[in-house]
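This report concerns only the one structure given below.
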Amino acid sequence: MRLSQYPINTLKETPAEAEVVSHQLMLRAGLIRRLAAGLYSWLPLGLRVLQKVERIIREEMNRAGAFELVMPVVQPAELWQESGRWTEYGPELLRIKDRHQRDFVAGPTHEEVITDIVRRELKSYRQLPVNFYQIQTKFRDEVRPRFGVMRAREFIMKDAYSFHLDEESLREGYRAMYDAYTRIFTRTGLTFRAVRADSGAIGGDVSQEFHVLAASGEDAIVFSDADDYAANLEAAAALPPAEPRPAAREELRKVPTPGARTIEDLARFLKVDPAHCVKTLIVEGTDGAVVALAVRGDHELNAVKAHKLPGVASPLQLASAERVRAATGTEPGYVGLVGLECRIYADTSALALADFVCGANEKDLHLTGVNWDRDVPGAMPADLRKVVEGDPSPSGRGRLRIARGIEVGHIFQLGRKYSEPMKALVLDEGGQETALYMGCYGIGVTRIVAAAIEQNHDERGIIWPDPIAPFQVVLVPLNLQKSDRVRAATDRLYAELTDAGIEVLLDDRDARPGVKFADAELLGIPHRLVVAERGLEAGKLEYRHRRDTDSHEFPADRALGFMRSRLG
RNA sequence: CGGGGCAUGGCGCAGUCUGGUAGCGCAUCUGCUUUGGGAGCAGAGGGUCGGGAGUUCGAAUCUCCCUGCCCCGACCA
């Protein structure tokens, strides 16, 4: 491809709207342009990257035995009413009406449609198991689209759905997708990690996420330093402390703590360790009452764990100040456990404390020397907190480390969540109708491109991993317009590499060297060849990888072999 | 949804407080010079200042309404 003919505009300055590196570089390198909030056009150079990612996904999905199909973006509301998600899904579901005032949705995902296809097409257990996938545009009306294509409203997703006669077959199909995903992300050249996840809104039992590791990632993931345990922070279990709770030694004492509303204030004021305080959070319960959740002062509540407890409203909702006052007699900041009438869940780490500090349920007062059972009877133990760096791994080996990741894939065993309400049935060996077991498997195709940049860039621009680079080689002739020798060598080289099937971007613009180098680096083409008078005198060309700091010369007449060795 | 901010040529910005009919840098086009790290000079094109209503002799600038976009928050107890 000749750059002089290629429709691309690089920007020297970063557009003000872009906050994260990947978004900034995608705009500057001319990969995408914004149309409206969370809506992006992919320009030719960006599309090349996207298509490379898609190709890897297709090859591996096909290899895993899945069948590609395409379903409509616009889906009738009836299907969503049937599955129950018309009301469950909430405002992220874009609802639209056609000219006859009939309700439709812009598909955020396709469980309903595929289940409808399957219940019509599959009649017999002999047709199972089967896996269908598509690579297609999705629409989710995000509360707050941001970070460019990382969290866009419209995006491209690979979604796959497998159907099985029984749970064992589902587990096998799930395992096959796990392996396919591992191959896909390995082939993209990105550093990633598969982690256990909470299955969230889509439902179901078992699920794992694939994260591209990047310091700027939106999600926290935890893993053991001694084995392969890895989980989303939300899903990571906190083990109860190993040592038994010490015996109570202090008397319960009420101490004045004027103005100390937060654990930080309290710890400073009383000169105690936050880890020796217990904070009491009042949340809404399911039966109109409130529920108290107690965690150690230095720990944070894990909302995903909390909302699963019996009697706690889901989604988790903190009680309003008025509700707190009605339940405890005091205002937020001084809530404590002693004398509370409501149900109390206590995190296992908090339960291991003796003689701790908590609110007194009176303004400007806290209690010291508080002890479970003696002062606070009936607290139910629970895992309520977010794990922290250094916690023992739930796998029993090693300590937990925390890293940041960008979720690019998610696989679920859904079971019969959709097949039962939507009556996706087949006849089993005994001739009996039975509901299908289902798995679903997503990859954020557009997000992978952004994640690749978050993980691979420097101050000059993008550094594409070879497998997804828009071009493999950028050919930079210097003084092309003036030097016949440079022109002849460039034309020869370009033809030779291109004929060999190498994707070459030739910067044949009449621009100064600095401009060409700067653009080549911004675009992030992994391999750069420079053709210049200086080297040609000695029969040499100059090679430099995007990650290198120095160039090195090699004989011009061995260019093809040299490049082949570099490209692997 | 709650809070804050912004909207002026393709991009980045000034001008708004204190009303007088729009400017700078980058990018684009033409010419000459230049050519190993985002060149120089000379010239050119491109904006009804987000939309509407109002105040005024006169509005990018003041007032009101609307829209779009960006950021923060939704884990103080």
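A note on names: the letters A, B, ... follow the listed sequences, proteins ahead of strands, and every chain is numbered from 1.
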**OP:** Using Watson-Crick or G-U wobble geometry with both distances below 3.5 Å, tell me the partner of B:U63, or none.
**Re:** B:A53
Original post:
Of all residues at least two apart in sequence or in a different chain, which pass the salt bridge (charged side-chain N to carboxylate O under 4.0 Å, His left out) check with A:R460?
Top reply: A:E521
Subject >> Closest to side chain of A:A16, choosing from B:G12, B:A77, B:C71 >> reply: B:G12
Original post:
If you draw a 6.0 Å radius around CD in A:E341, do more than 12 non-hydrogen atoms from other residues or ligands fall strictly inside?
Top reply: no
**OP:** Check whether more than 12 heavy atoms from other residues, nucleotides or ligands sit under 6.0 Å from atom CD of A:E250, and answer yes or no.
**Re:** yes
Original post:
Do A:F562 and A:Y543 have their ring centres less than 6.0 Å from each other?
Top reply: yes
**OP:** Ignoring the backbone of A:P15, work out which of B:A77, B:G12, B:G36 is nearest its side chain.
**Re:** B:G12
**OP:** Consider the side chain of A:R544, meaning its heavy atoms from C-beta on, and name the nucleotide among B:G37, B:G36, B:C70 that approaches it most closely.
**Re:** B:G37
**OP:** Return the nucleotide paired to B:C6: Watson-Crick means purine N1 to pyrimidine N3 with N6-O4 or O6-N4, wobble means G-U with N1-O2 and O6-N3, both under 3.5 Å.
**Re:** B:G68
**OP:** Report the nucleotide, chosen from B:C76, B:C11, B:G37, that has the shortest atom-to-atom distance to any side-chain atom of A:T262.
**Re:** B:C76
Subject >> Listed nucleotide nearest any side-chain atom of A:K386, set B:C75, B:A77, B:U35 >> reply: B:C75
Subject >> Listed nucleotide nearest any side-chain atom of A:E19, set B:C71, B:G36, B:C69 >> reply: B:C71
**OP:** Would you mind pulling out the nucleotide paired to B:G36, Watson-Crick or G-U wobble, both distances under 3.5 Å?
**Re:** none
Subject >> Counter-base of B:C76, judged by Watson-Crick or G-U geometry with both distances under 3.5 Å >> reply: none
Original post:
Taking the side chain of A:R534 as heavy atoms from C-beta outward, which of B:G36, B:C69, B:U35 is closest to it?
Top reply: B:G36
Original post:
Residues in side-chain hydrogen bond (donor to acceptor under 3.5 Å, both in side chains) with A:R34, at least two apart?
Top reply: A:E17
**OP:** Identify the nucleotide, in any strand shown, that forms a Watson-Crick or G-U wobble pair with B:G23, with both distances under 3.5 Å; if there is none, say none.
**Re:** B:C13
**OP:** Can you figure out which of B:G38, B:G36, B:C69 approaches the side chain of A:A532 most closely?
**Re:** B:G36
Subject >> Side chain of A:E17 - closest among B:A77, B:C70, B:G37 >> reply: B:C70
Original post:
Across the strands shown, which category fits A:R323 at heavy-atom distances under 4.0 angstrom: base, sugar-phosphate, nothing?
Top reply: nothing
**OP:** Scan nucleotides 25-34 of chain B nucleotide by nucleotide, 5' to 3', and note B when protein non-hydrogen atoms come under 4.0 Å of the base, S if they reach only the sugar-phosphate, - if neither.
**Re:** BSS------B
Subject >> Nearest to side-chain heavy atoms of A:R528, which nucleotide of B:C70, B:G36, B:G37 >> reply: B:G37
**OP:** State whether a side-chain donor-acceptor pair under 3.5 Å links A:E533 with A:S483.
**Re:** yes
**OP:** For the pair A:R323 and A:E284, find out whether any cationic side-chain nitrogen is under 4.0 Å from an anionic carboxylate oxygen.
**Re:** yes
Original post:
Who does B:U18 pair with, Watson-Crick or G-U, both distances under 3.5 Å?
Top reply: none
Original post:
Is there a donor in the side chain of A:T330 and an acceptor in the side chain of A:R325, or the other way round, less than 3.5 Å apart?
Top reply: no
Subject >> Identified pairing partner of B:C41, criterion: Watson-Crick or G-U wobble below 3.5 Å >> reply: B:G31
